[in-house]
Amino acid sequence: MFKYVKAILIIILLVLGAQLVSGQTPTDSLAVVEMAEVVEEAVAEDTSFSSYEEFQASPAFVKFIVDNLWVLLSAFLVFIMHLGFASVESGMNAAKNTVNVIYKNIFTLCAGIITYAIIGFALMYPGDFNIIPGVLGFAGFGIGFDAATPADYLTSNYYESYTIWTDFLFQAMFAATAATIISGAVAGRIKMPAYMLYAALIVTFAYPITGSWQWGGGWLSELGFHDFAGSTLVHAVGGAAALVAAWVLGPRIGRYGADGKVNEMPGHSFPLATIGVFLLWFGWFGFNGGSVLSADPSMISLVLVNTTLAAAAGSLAAMAAATFTMHKLDAPQALNGILAGLVGITAGADAVMPGQSIVIGAIAGILVVLAVIGIDKLKIDDPVSAIAVHLVCGIWGTLAAGIWGEGKDFVAQLIGTTSVVAFTIVFALIAVYLVKFTLGLRSDERVELIGADVSYHGNSAYPDFVSK
């Protein structure tokens with residue numbers, strides 16, 4: 001049977017490879033761009049308003065409402081991704097750790113929102129980088145809770161696409177996403193207080209500092225680095241932090257034999273994991289689509305088409321790669337391929353054509369399978385393949401934007417990715433050893449064998465069934 005499956009997959013991969021379109025830019029075949037330019041020119045005709053009321057009465061305000069609403073809706077979609085992460089991570093882990101995984105995801109989202117409001121937002125968008133030029137700045141605690149008039153709710157001027165509150169909400173969802181990537185990789189063996197402190201340190205400091213280098217107008221932005229929605233700035237950051245934590249923690253009991261054999265420790269609910277992946281794919285329409293930061297119909301359409309094609313190509317390529325390397329039709333790798341394609345296209349979704357997005361997604365799908373195998377050979381235990389999906393494919397996607405992205409510089413992409421990942425690894429090492437020497441890092445053997453649900457939470461996700 002496998003020879004026929006392999007033949008079919010080879011044909012599919014050849015078709016995917018043939019889709020690479022050269023000599024086109026993201027705007028070559030988009031007639032609607034002309035319409036968008038007319039709208040922009042009309043709005044820009046009147047560039048001075050003496051009051052917020054005058055702005056409300058102008059054509060520019062209508063565009064502002066639509067843009068602001070789209071970014072808000074995108075924030076809601078990214079919020080749904082956290083349900084996806086909780087589902088994937090719990091489904092891919094043992095039943096005895098389900099409550100623990102869900103609890104960690106709840107904590108990460110809620111703590112991430114609060115710390116980002118108090119510190120992270122001002123670190124990520126520091127203004128003039130008043131500590132180290134282009135590298136580190138801080139605009140002050142909070143996000144402007146004392147706004148007194150309607151005009152105060154707007155960003156720096158009337159011509160931005162959304163209010164400061166919308167900006168914060170959208171960005172806070174991203175911050176929590178970066179931190180929650182860690183949760184699944186360390187499942188089943190990390191102490192709860194240790195995880196909570198480690199995740200809080202990453203989301204409060206590491207993520208916004210490196211994010212400021214690009215999205216806050218820092219040195220990477222000046223260099224010409226491009227990461228549209230965060231292949232590196234979100235996913236590789238979370239993946240690098242997960243790598244450090246998983247490495248320092250060590251593998252789950254029984255994961256690797258003395259002879260180096262990898263012992264299967266399958267998750268308890270593949271259907272739950274599948275629901276999670278499709279929730280993530282659904283949320284990614286907001287993750288990438290909202291990163292346009294306006295309701296520009298031409299760019300949103302292109303970005304969402306690229307996102308969808310990359311995810312589909314990633315899954316097909318992962319199916320093929322798993323068939324050839326694992327000699328089985330591995331369903332978990334098919335799901336990983338979807339996520340790999342999504343992570344891979346995120347950096348350049350606005351800068352490549354659909355054919356190129358298929359190739360980027362397909363290569364990500366192959367890479368994720370090879371990375372899963374390689375990481376296991378290093379005896380780094382990652383129950384949900386977070387390192388392979390988010391770190392490896394995040395790096396690939398950012399570099400791919402420099403290969404095929406219109407006007408993008410591969411050298412700048414390489415420098416940017418290397419610097420962000422290196423900083424995150426160093427910060428994560430400091431953070432994880434700080435946690436280890438203060439709170440302790442790893443659960444006791446008894447806790448690990450019984451399960452984190454009963455040990456830490458005093459209940460079970462499935463009280464009527466025997467845990468495994």
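All heavy atoms count here, side chains included; hydrogens, waters and symmetry mates do not.
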Checking side-chain polar atoms at under 3.5 Å, does His457 have a donor or acceptor matched by the opposite partner on Asn100? yes
Crowded around Trp247 CH2? As in, over 12 foreign heavy atoms under 6.0 Å? no
Roughly how far, to the nearest 0.5 Å, is the OG1 atom of Thr98 from the CG atom of Leu272? 7.5 Å
Validation row: Leu302, Asp350 side chains within 4.5 angstrom (heavy atoms): no
Specify the closest pair of heavy atoms between Ala388 and Ala371, including all atoms of both residues, with the distance to one decimal. CB-CB, 3.6 Å
Can you tell me how far the CD1 atom of Ile387 sits from the SG atom of Cys393, to the nearest 0.5 Å? 12.5 Å
Evaluate the ring planes of Phe85 and His82, with Trp represented by its six-membered ring, and classify them as parallel (under 30°), tilted (30 to 60°) or perpendicular (over 60°). tilted
Side-chain donor or acceptor of Arg189 paired with backbone N/O of Gly250 under 3.5 Å: yes
For Ala246 and Ile380, the nearest pair of non-hydrogen atoms, with its separation, is CB-CG2, 4.0 Å
Check Ile182, Thr180, Ile190 against Lys104 for a side-chain contact (heavy atoms from CB on, under 4.5 Å) and give me the one that passes. Ile190
Using a 4.5 Å cut-off on heavy atoms from C-beta on, say whether the side chain of Ser291 contacts that of Phe228. yes
Rounded to the nearest 0.5 Å, how far apart are CD1 of Ile300 and CG of Leu293? 10.0 Å
Spatial distance of atom CG (Asp227) from atom CG (Leu233) [nearest 0.5 Å]: 4.0 Å
Here the pair of heavy atoms bringing Ala241 nearest to Ala428 is CA-CB, 4.2 Å
Identify the heavy atoms of Arg442 and Arg252 that sit nearest to each other, and give their distance. NH2-CA, 3.8 Å
When you compare the side chain of Tyr207 with that of Leu123, does any pair of heavy atoms fall below 4.5 Å? no
Gap between atom CG of Leu414 and atom CG of Asp409 - 0.5 Å precision: 10.0 Å
Check for a donor-acceptor pair, side chain of Asn93 on one end and backbone N or O of Val101 on the other, with a separation under 3.5 Å. no
Taking Ser315 for the side chain and Ala312 for the main chain, is one N or O donor matched with an acceptor at less than 3.5 Å? no
Side chains of Asn97 and His268: donor-acceptor distance under 3.5 Å anywhere? no
Nearest heavy-atom contact between Gly140 and Ala122 is O-CB, 3.0 Å
Taking all heavy atoms of Pro354 and all of Leu309, pick out the closest pair and write down the distance. CB-CD1, 3.5 Å
Heavy-atom distance under 4.5 Å between the side chains of Asp382 and Asp376, does that happen here? no
Angle class for the Phe61/Phe64 ring planes (parallel below 30°, perpendicular above 60°, tilted otherwise)? parallel
For the rings on Phe225 and Trp213, is their centre-to-centre separation under 6.0 Å? no
Under the criterion side-chain hydrogen bond (donor to acceptor under 3.5 Å, both in side chains), I'd like the reasoning laid out for Ser231 against Thr346: C-alpha separation, chi angles, the key distance, then a yes or no. CA-CA 5 Å; Ser231 285; Thr346 292; 4.5 Å; no
Do Trp281 and Thr307 meet the criterion of a side-chain donor-acceptor pair at a distance under 3.5 Å? no
Is it the case that the side chains of Ser443 and Tyr456 hold a donor-acceptor pair, with the cut-off being a distance below 3.5 Å and no angle test? yes
Should Phe107 and Tyr103 be marked as a ring-ring contact (aromatic ring centres under 6.0 Å, His included) after you check the CA-CA gap, both sets of side-chain angles, and the distance that decides it? CA-CA 6 Å; Phe107 169 81; Tyr103 191 95; 7.7 Å; no
Would you tell me whether Glu89 and Ser183 have side-chain atoms, one donor and one acceptor, within less than 3.5 Å of each other? yes
If you draw a 6.0 Å radius around CZ in Phe129, do more than 12 non-hydrogen atoms from other residues or ligands fall strictly inside? yes
Interatomic spacing from CG in Leu391 to CD1 in Ile181 - rounded to 0.5 Å: 9.5 Å
Side-chain contact test, heavy atoms from C-beta onward, threshold under 4.5 Å: evaluate it for Thr308 versus Phe285 and give yes or no. yes
Report the relative orientation of the aromatic rings in His235 and Phe287; use parallel for angles under 30°, tilted for 30 to 60°, perpendicular for over 60°. tilted
Does a side-chain heavy-atom distance below 4.5 Å link Val369 with Asn336? no
Pairs meeting criterion side chain to side chain donor-acceptor pair (under 3.5 Å) with involvement of residues 418-432, two or more places apart: none
Kindly indicate whether the side chain of Trp284, heavy atoms from C-beta on, has any atom under 4.5 Å from the side chain of Val78. no
Can you find a pair of side-chain heavy atoms, one from Phe170 and one from Leu72, that are under 4.5 Å apart? no
Scan side-chain atoms only and decide if Ser294 and Asp296 contain a donor-acceptor pair under the 3.5 Å cut-off. no
Between Trp70 and Ile65, is there a donor-acceptor pair closer than 3.5 Å when you use the side chain of the first and the backbone of the second? no
Please report whether the ring centroid of Phe278 lies less than 6.0 Å from that of Phe282. no
Residues in side chain to side chain donor-acceptor pair (under 3.5 Å) contact with Thr108, at least two apart in sequence or another chain: Tyr195
Would you say the rings of Tyr125 and Phe121 are close, in the sense that their centroids are separated by under 6.0 Å? yes
